[in-house]
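Read the structure below first, then the notes.
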Protein chains: 2
Amino acid sequence: MPVTETVRETSTPHTMDQPDTGHLCRLLAHVPLLEGLDPGELARFARGVREQHVDKGAVLFHRGDPCHGFHLVLCGQIKLAFTSAEGQEKVIEIMRPGQSFGEAVMFMEKPYFVMAQALTDSRLLHIAKSVVFEEMDRDPTFCRRIIAGLSQRLHHLIADVETYSLLSGRERIVGYLLREEESSGEPGLCGRVSIRLPTSKGTIASRLNLTQEHFSRILHELAEAGLIVVEGRTIHIPDIERLRTTGARY
Amino acid sequence: MPVTETVRETSTPHTMDQPDTGHLCRLLAHVPLLEGLDPGELARFARGVREQHVDKGAVLFHRGDPCHGFHLVLCGQIKLAFTSAEGQEKVIEIMRPGQSFGEAVMFMEKPYFVMAQALTDSRLLHIAKSVVFEEMDRDPTFCRRIIAGLSQRLHHLIADVETYSLLSGRERIVGYLLREEESSGEPGLCGRVSIRLPTSKGTIASRLNLTQEHFSRILHELAEAGLIVVEGRTIHIPDIERLRTTGARY
DNA sequence: GCCGAACCTTGATTCCGGTTAACTCCCGGA
DNA sequence: TCCGGGAGTTAACCGGAATCAAGGTTCGGC
C-alpha cells in the first residue's frame, strides 16, 4: 500500500493562539517579500497565514485547482510542473527555501495552470489572498515589492526560454552546473568545487528539458572529457574555469 | 545603399504645446493600462509620454541598452527577440497594437535583455519611468493594473514554455493558427475561415521555435492533408473543427 | 521590362535527442 | 535474509527537426 502523502495545516487563519501568532511573525519576518515591515503589519499578515507540512511526494495543488493565496517555502523543495495529455511531465522550476510561488495566479483570479509537488518533506507558509490584497491597499511600498518580484520572475522565465531555444543539451547542463555552483556559496579553492544536486537526476533533467537518459549520457561525456567527476548526486568540478570555457565544446 | 531606418520622436517631454498634450491624452485614454483614469491624471501622464514613429527594420533598443520607460504599440508590429552568440535569432513575441512591453525591465532597473525591432512602419508611445513611478505612489489602483498586467505576461510566458517543451512542431503550428483565428474576430461561417499571417513566415517560424524550412514543410503537409490551403500569407481553413481535432495527427 | 533582393520552397543529408529495453545498484521493509 | 521498487546507466535504434544547398517567386526600383 502507498505511503499516505499528506498536507498538514499547523495553524488555521483566525483561530490562532497568541504563541502561534508569535511563531508565525517570527517566520514572516524573514520572508523577502515582507522584510522590514513593522510588527503591527506582520501581525495583520499573520491572520491570513498558515504553516503547512507536506510529505515527500504530496501534491500541494493540481492544474485547475482554485487559488486562494500564494506559497512560500521554508524548508524542503517543491517542484512546479505541467503534464502533457500523454502523461509526460515537464518541470518548470524547483522551488527552494526563501522562494515563493503562485502570486501571479492569485492576482489573475484564475485556477492554477501548473501543479506543485513536494520533492522532499517540506515546510511552507500559505499566505491568503485576502491579507495580501488588504496590505496592497494599505501600503504602496508593498505593491512595489510585489511588482519587483513579478518582474524578477518574468526575467528568469525569459532567460529560461532563451536557454531552451538557443542552447544545446550539453550547454544547458554546463550552464546549470555553473549556476548551481555560484549559488552554493564558494568554498572551493583554486577552481576545485563540488556541488550536490538538489534532487533526483530525472527531475533535474526535466527541468532542463532533457530526458533522464540523455542527461545521464551528457554527464558521462563531460566526465570522459575530464571536466567533471560524478559521484552519485555529488558532482566534482576539478577546474571550474575549464568547464566554463570548454564545457560547450564537444 | 540601405534605406535609412529611423526612430522619430514626435514630441518630447516637458516641451509640449497644448495641442500636443491634447493629442497625447486622446491616445492615452485608449491604453488598456490607463483606461478609466480621469483627465487630470492623463494630463500628468502625458508629461512623460512621447510618440515614436519607427520605420520598418528600425531597432527600438538592443540587448544591453538602458531602459527609461516602457513602450506601447499604437499601430504596426514590433518583434522582441534575442540573438545567440552564433548570430542566430529567436523571436520571443510579436507585439501588436494595444500591447505594451518593457515594463518588467523598467521595474528591475536593469538594461534590456532582449532587442526590439519594427517589422513594419509603426507608431508607438514611450512612457517614461518617472511618471509611472509617480503615478504608482499616487494611485494604488494603478499598481493593481500593473500587477495584473505583469501576471498576465507571466502566464503567457509559461504557456509558451509549455508549448515549446511538450508540443511537436506540427502541434505548435496548428495551435498558432487556431489562436490566430480566434483573435481575429469570427467572420467565418460554418467552419470556413481565412487568416492572414501578421508577418513573414520566417519570423513566425522563429516565434514558434522552428526553422523557416521546417515551418514551410509542415504547412505543406497540412495542405496535403486538406486541413488548410496556403495562398501566400493568407491561410484558408476549410474546416476549423477538423483542424482542431485532426491537426495534431500525422 | 529587367534586375536584384527578400522571401519562400524543396530536396538531400546529418544529428541531436527521444524511445525502448535491459541491466545494475541501492535501500528499506517484511 | 530475501524481496521489490525506485533511481540510474548503457546500448541499439529511431525520428523530428536542423543544416546545407539549390531553385523558385514575388516585388519594388530604375
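Below, chain A is the first sequence line, B the second, and so on; all start at residue 1.
Listed by first then second residue, pairs satisfying salt bridge (charged side-chain N to carboxylate O under 4.0 Å, His left out) with a partner in residues 66-77 of chain A number zero, not counting sequence neighbours. Pairs passing the ring pair (Phe, Tyr, Trp, His ring centres under 6.0 Å) check and including a residue from residues 54-77 of chain A, sequence neighbours excluded, read A:Phe61-A:His71, A:Phe61-A:Tyr112, A:His71-A:Phe101, A:His71-A:His126. For residues 112-122 of chain B, no residue pair satisfies the salt bridge (charged side-chain N to carboxylate O under 4.0 Å, His left out) rule, not counting sequence neighbours. Identified under the salt bridge (charged side-chain N to carboxylate O under 4.0 Å, His left out) test for residues 59-69 of chain B, with sequence neighbours left out: A:Glu162-B:Arg63.
B:Arg96 pairs by the salt bridge (Lys or Arg N to Asp or Glu O under 4.0 Å) definition with B:Glu180, not counting sequence neighbours. With sequence neighbours excluded, no residue forms a salt bridge (Lys or Arg N to Asp or Glu O under 4.0 Å) with A:Arg217. Every residue meeting the side chain to side chain donor-acceptor pair (under 3.5 Å) condition with A:Ser200, not counting sequence neighbours, appears here in chain and number order: A:Thr203. Not counting sequence neighbours, A:Glu213 has no partner by the side chain to side chain donor-acceptor pair (under 3.5 Å) test.
To the nearest 0.5 Å, atoms OG1 (A:Thr163) and CZ (A:Arg172) are separated by 8.0 Å.
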Any N/O pairs under 3.5 Å between the protein and nucleotides 3-8 of chain C? List them or say none.
from	atom 1	to	atom 2	distance (Å)
C:dC8	OP1	B:Lys201	N	3.1
C:dC8	OP2	B:Lys201	N	3.2
C:dC8	OP2	B:Gly202	N	3.3

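Rotation axes derived from the C1' atoms of the five outermost pairs at either end of the helix from C:dG1-D:dC30 to C:dA30-D:dT1 lie 30° apart, to the nearest 10°.
Between A:Leu119 atom CG and D:dG6 atom P the separation is 16 Å, expressed in whole Å.
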For residues 225-234 of chain A, which side-chain N or O atoms pair as donor and acceptor with protein atoms under 3.5 Å away, sequence neighbours left out?
from	atom 1	to	atom 2	distance (Å)
A:Glu231	OE1	A:His236	NE2	2.7
A:Thr234	OG1	A:Arg196	NH1	3.0

Walk along nucleotides 11-30 of chain D from 5' to 3' and tag each nucleotide B, S or - by protein heavy-atom contact under 4.0 Å, base first, then sugar-phosphate. ------SSBBB---------
